Structure formats: structure tokens, C-alpha cells
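Chain letters run A, B, ... following the sequence lines, proteins first and then strands; every chain starts at 1. Note that the structure is a prediction, hence the values are computed from the model and not measured.
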Amino acid sequence: MSEEKSLNFIEEIVEADLAAGKYQSILTRFPPEPNGYLHIGHAKSICLNFGLANKYGGKTNLRFDDTNPSTEETEYVESIKEDVKWLGFQWADELYASNYFEQLYQFAVQLIEKGLAYVDDSNSETIAQEKGTPTQAGIENSYRSRSIAENLQLFSEMRSGNYKDGEKVLRAKIDMASSNMHMRDPIIYRIKHAHHHRTGDAWCIYPMYDFAHGQSDSIENITHSICTLEFIPHRPLYDWCIEQLGIFPSKQYEFARLNMTYTVMSKRKLLQLVNEKHVEGWDDPRMSTISAMRRRGYPAGSIREFCDKIGVAKRENLIDVGLLEFCVREKLNKTALRRMVVFDPLKVVITNYPDTVEVLESENNPEDPNGGTRTMPFSREIYIERDDFMEVAPKKYFRLAPGQMVRLKSAYIIKCDEVIKDADGNITELHCSYIPESKSGSDTSGINVKGTLHWVSVAQALQAEIRLYDRLFKVEDVANAEGDFKDHINPDSLQVLPIAYAEPALLSDQPNSTYQFIRKGYFVLDRDSTNEKLVFNRTVTLKDGWAKEAKKA
RNA sequence: UGCCUGAUAGUAUAAUGGUAGUACGACUGUUUUUGGUGCAGUUUGUCUUGGUUCGAAUCCAGGUCGGGCAACCA
């Protein structure tokens, strides 16, 4: 396989800029607003920004876009830093738009001095109305012609706290008739008597996104400022501010944000899920947040791999969540420790097995020759999975059935001799006989069986809680589905098994191990675990060929 | 009614005027002490109409369809 991977359109721009000598090296930035937790969509942006810097020998800043004190909190800052680090990236500088408040203020003063900004006393309704519509030009109001001196005075008074919220705004004086709504004298400063998580009460006016973002990029000498498609119409304003101020010309480029099937990706909706308790928190394993995926057991590397696979383009997209799951399985298959856990037990008595405990050995991971082995007890009484037995077996059913033989993984071949039922006809246990010569690793029985089952010895079994997570929504395209997105929540997205039976090795494993419970899926120990109670989250299922086959019949 | 964007298998993404390729999915077969994994194979595509050209997914013109734009949010 040739490693000649084609470039995405942003990489092409970067290579062209570098080749033209436009920059010696590149500087990108990841600029989250600390008003929520990062989600998989942010991961795409993180991988893009940091990936570009890594690939071309540049650097990436982490910059918090904290210009709206009423929605931002330190809790979010901390979680964002943790998530970026966990994803495997290291930023050059940790910065905040709020670091630049004084500088930004001076930029605004410069604009006023150039006659390019004015204080408007109108209320928001009036401003909106005078802005016109996309098909109809806006109108210029009387405040627009205020003198520079008056604007300077008023803006200074705004800063001093002479006015209440909403009483005045500072607007850039551009073009009320522009076909681009963002150029119709956009508001660049508003009054907000709010406590800021970093600057406290030092300010009562705050710059708007459009006046903060580009200038922050410029102050940091960001060469490539990469954002999502909805900012395309902001670009002329981004460029206008930089040009009028005569500062470092950072350039904005836009790519299509990630959308994923069965998933919501907006912070607003995620917040709602948390606040209205549809999930247990930002890191509930069903959420699309980075922290949820971490808790669910997704390896950071598989998220990076996913971001690499989905590519970067300008076309709107809806990525199959199955691709993310594929990346997770691909990684985990090579690394996860194999263990046996029975979810829904059916007791099997091996009638011809002596009343002793035998210690068996089994590989930790058949994909990894250096993975080592662990031991497990085998005895006369074991549990198997209830649905690994059928009294009347259909065609192509390879599991246990009366008179049928199966192999117990890493142990012996057994044959089902008798089905024991209670008075109501429910199956309570199976009586089987084992083939002593069929022991794993030294099988001389010559018997070939199609089915291999996982099992756990009854007497030594650990009890554990298992949490089975499924997709949070029932519809593919949640954002575009009829009605409220909450109408589409999957009521069965979490199934808790209070007691499952697990092999004893799980007690001595490292707590941060990832597991494949053989034939059941990938699992990870949840942080809710205690010494008394193990709790496992299902990371992702295994591909189930039999389920498909059974469905066909 | 305006402006800005975009359109390639089911989903993504490449081909930068010269054989439409890759991944996931689906389907076959094969291997397997996980109905997992691996391996081999099959399947399905350039929105449309014109034009330029020896040659067009690519360039040009018109159309169609999708997305965005009128927060004192980012």
C-alpha cells in the first residue's frame, strides 16, 4: 500500500503558502468558548488544527473565546483542557480572548478615531429593524453621524459603567446596504454588567465575537484560522477589521462541521439533555462528548483515527456512527484483554467431572502474541449464557442443544445429556458430560465442534454490574427529524444488568484496562466501581454475524 | 426577491483536462477454540442541459437541488 495520501483542501492551502514563502511556519489555534463540554465535532476541529501544526512543523494555541461572561465558566475551561490533552495533543500557549480585552478596547478606539465606529443608543429591536432584510437594504440612523469626539466620549463612558445593559452599543460603520448582513454596521461592543470568570468585574463592556476573534488571531500571529462553514459570511468582516486596524493578516478558512447519525452535536442540545436529566451528566457514556467517550472506553487513538478517516471538506455531511464504532473496535481488538463474563446465567453441571477445581490457562489476546495469559478456575458447576442453549435448535445453530456438543473456551468439549426444569417448565439447569481428552491445548479427542462458548465457574465467579449502552436516539438524522429532538430519544439506550458473573481475573487487572468480554463486546471499568462492586460499561458491541443470520430466518 | 456556499456508489472521501480509486457498509467465499479477528472476492457513483476540447468529475454558460445569512451568542 502506497502511503501517498492525498491532501485535504486546507493542507493544500498550507502547502501552497509554505511553498510560496508566505510563512516560515504555521500557527493554528483551537478556540472553544468555555460554555460547555467538548464533543466529537470539536475533536474533528482539534485533530485538524493540531494535526496541521504537527504535520508542517508548526504550533497550535489553545485559546478560550471567553467574550460572553454570562455563559462561560471555569468548570468548562478545565474540562476542555483535560479533553484536548486526553486526545493526545499539546498546545503551545494557553490563551484567552479576555487576555486581550484592553488591547481590543484600544482597537475599538482606533476605529472610532478613524471614523469607522459609532455609539448607537437604539434598542435591539430598532437596530434589528433598521438592519433591513437579506433582500432589502438597511437604513442609516441619526447616531451613525455622531462626531468622533462624541463617540470617543460615549465609548469611554460605556466602559466606565455610566450606562445600563442594552442602553448603548458600539457599531462598526461599514455599509447598511451591504448584501452581506454581517457588514450592515455590526455591533462590536455591548454593555454587560456581568461577572466574568477570569476578569471578574473589571469590565462591563465586552467585545462581540466578530470584533474579538480575528483580532485575537492577529495578536497571536495565527497564520491559518480554521473554522466551520457558518462563519463564511463573517469572513469579509474578519478581513475588514484586520485591514482597518493594519494588524497581522491572519486568514480564515472554513470546513464543514461533523454531523453523525443517531447523535446530537450542538452544545445547546447537549446542555438540555443534561439539565433535563435525560442523561446523567456531560460524561454519561451515551453522550457525544469527549468525556463521555472516554468514560465509555473509546481509546483516544480511535477518535483520532476516525477524524482522519472522515476527511475534511466543505460539503455538508452526515457520517455513519458505525464508522466511529469501527475505529473503536479496530483499536480495541488489538489491545483489549479477553475475559469471560456471563450476563444471563444458566447453570451447567458436568456430571462426569470430579469434585475438584482445575486451573486453566488462556491467552489475554489472540491478536497479540506478547499479550501473555491468565488463569481461570474450572469446576463441576459452571454458568453459560442462557441464550447459548436451545431445546429445539434451528438449522445452523452451533451452540448447545440436547445431544449436541460444544467447546467451552480454553477448556473442554461438553455434551448436553439432560435438561432439568422446574414445575413450571422453566429450564433451571443442564446436565452435561465432558470429554476428558478434549482439553484445550492437548486435545486428542479428534472431535470437531462448531460452537465455542464462554463460561464461568460458579463457585469462584465474581458478581459485577454491567451497563449496556445503545445509541441515544432512534432516528438517523436527529437534527433534521420531525418535531423536537427529544421526541426521538431511544428509551432503551441504557440497560443495566445488576448481576453478571465474571471470571476472577478481573479483580486483579489494572483498573484502566480495556476488555473484550468474549462474544459479548468491549467493556471498561466505570468510575462508579467500588471494592465491593465492579461496574462495567459496554464500550461497543462485537459484530454479530449470528444475529444477522438469525434475523434472516 | 438578494447575497454566500456546496453537489462523485448507501455514507464519507480522492482523482487538480488523460484508466473514476479508497475506506466504512452490504453481499460471497475462506480461516478461526470468540458466529469476533484475519484473508480473498462481489456490489453500487460523477445532479442536469448545453458548450470548449482529440479527450471533461475537473474548464465555461444556463438550470435543478441542498446548506448558510436579518442574536447586544459563538
I want to check one thing: is the phosphate of [N], taken as OP1 and OP2, less than 4.0 Å away from some side-chain N or O of [X]?
{"X": "A:R190", "N": "B:A74", "result": "yes"}
{"X": "A:K309", "N": "B:A12", "result": "no"}
{"X": "A:K439", "N": "B:U33", "result": "no"}
{"X": "A:K334", "N": "B:G38", "result": "no"}
{"X": "A:T67", "N": "B:A74", "result": "yes"}
{"X": "A:R338", "N": "B:U34", "result": "no"}
{"X": "A:K548", "N": "B:C27", "result": "yes"}

To the side chain of [X], which of [options] is closest?
{"X": "A:M181", "options": "B:A26, B:C69, B:A71", "value": "B:C69"}
{"X": "A:E367", "options": "B:A74, B:C69, B:G36", "value": "B:G36"}
{"X": "A:S124", "options": "B:A14, B:U5, B:C72", "value": "B:C72"}
{"X": "A:K314", "options": "B:G35, B:G6, B:C72", "value": "B:G6"}
{"X": "A:I319", "options": "B:A70, B:A12, B:A26", "value": "B:A12"}
{"X": "A:T135", "options": "B:G2, B:A12, B:G36", "value": "B:G2"}
{"X": "A:F231", "options": "B:A74, B:G25, B:U34", "value": "B:A74"}
{"X": "A:P366", "options": "B:A12, B:G35, B:G36", "value": "B:G36"}
{"X": "A:E230", "options": "B:G68, B:C73, B:U34", "value": "B:G68"}
{"X": "A:S440", "options": "B:U37, B:U34, B:U33", "value": "B:U33"}

Using the [atom1] atom as the reference point in each nucleotide, state the distance between [N] and [M] in Å, no decimals.
{"N": "B:A57", "M": "B:U48", "atom1": "P", "answer": "11 Å"}
{"N": "B:C4", "M": "B:G10", "atom1": "P", "answer": "32 Å"}
{"N": "B:C73", "M": "B:G17", "atom1": "P", "answer": "46 Å"}
{"N": "B:C27", "M": "B:U43", "atom1": "P", "answer": "16 Å"}
{"N": "B:U46", "M": "B:A20", "atom1": "C1'", "answer": "8 Å"}
{"N": "B:G41", "M": "B:G6", "atom1": "C1'", "answer": "36 Å"}
{"N": "B:A15", "M": "B:U52", "atom1": "P", "answer": "28 Å"}
{"N": "B:C47", "M": "B:A56", "atom1": "P", "answer": "15 Å"}

Is A:E325 paired with A:K543 through a side-chain N to carboxylate O contact shorter than 4.0 Å?
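A salt bridge is absent here (no side-chain N lies under 4.0 Å from a carboxylate O).
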
May I ask you to verify whether the side chain of [X] and the base of [N] hold a donor-acceptor pair under 3.5 Å?
{"X": "A:R399", "N": "B:G35", "answer": "yes"}
{"X": "A:Q136", "N": "B:U1", "answer": "no"}
{"X": "A:R407", "N": "B:U33", "answer": "yes"}
{"X": "A:H234", "N": "B:A74", "answer": "yes"}

Residue matched to [N] through Watson-Crick or wobble contacts both under 3.5 angstrom:
{"N": "B:G41", "answer": "B:C27"}
{"N": "B:U64", "answer": "B:A7"}
{"N": "B:A20", "answer": "none"}
{"N": "B:G2", "answer": "B:C69"}

Whole angstrom is fine here: how far is it from [atom1] in [X] over to [atom2] in [N]?
{"X": "A:H454", "N": "B:G35", "atom1": "NE2", "atom2": "P", "result": "10 Å"}
{"X": "A:N333", "N": "B:G36", "atom1": "CG", "atom2": "P", "result": "12 Å"}
{"X": "A:K543", "N": "B:C27", "atom1": "NZ", "atom2": "P", "result": "10 Å"}
{"X": "A:D308", "N": "B:C24", "atom1": "CG", "atom2": "P", "result": "13 Å"}
{"X": "A:L324", "N": "B:A12", "atom1": "CG", "atom2": "P", "result": "15 Å"}
{"X": "A:D66", "N": "B:A74", "atom1": "CG", "atom2": "P", "result": "10 Å"}

Less than 5.5 Å between centroids and less than 30° between ring planes, does A:Y209 satisfy that with B:A74?
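The base of B:A74 is not stacked with A:Y209 (the test needs centres under 5.5 Å and planes under 30°).
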
Contact class for [X] vs. all strands (heavy atom < 4.0 Å): base, sugar-phosphate, or nothing?
{"X": "A:S122", "answer": "base"}
{"X": "A:Y397", "answer": "base"}
{"X": "A:G441", "answer": "base"}
{"X": "A:Q516", "answer": "base"}
{"X": "A:D443", "answer": "nothing"}

Rounded to the nearest 0.5 Å, what separation is found between the CD atom of A:E254 and the CD1 atom of A:I232?
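Atom-to-atom, A:E254:CD and A:I232:CD1 are 4.5 Å apart.
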
Are A:R198 and A:Y96 in a cation-pi setup, meaning NZ or CZ lies under 6.0 angstrom from the ring centre and within 45 degrees of the ring axis?
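Yes, A:R198 and A:Y96 form such a contact.
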
Quick check: [Y] with [X] (ring centres under 6.0 Å apart)?
{"X": "A:Y353", "Y": "A:Y434", "value": "yes"}
{"X": "A:F101", "Y": "A:H196", "value": "yes"}
{"X": "A:F536", "Y": "A:Y522", "value": "no"}

Could you tell me whether A:K396 atom NZ has more than 12 heavy atoms of other residues or ligands within 6.0 Å of it?
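Incorrect, the count does not exceed 12.
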
A:F211 and A:Q215: which non-hydrogen atoms are nearest, and at how many Å?
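Closest approach of A:F211 to A:Q215: O-NE2, 2.8 Å.
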
Does a donor on one side chain sit under 3.5 Å from an acceptor on the other, for A:N35 and A:N68?
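On atom types as modelled, these side chains do not qualify, holding no pair under 3.5 Å.
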
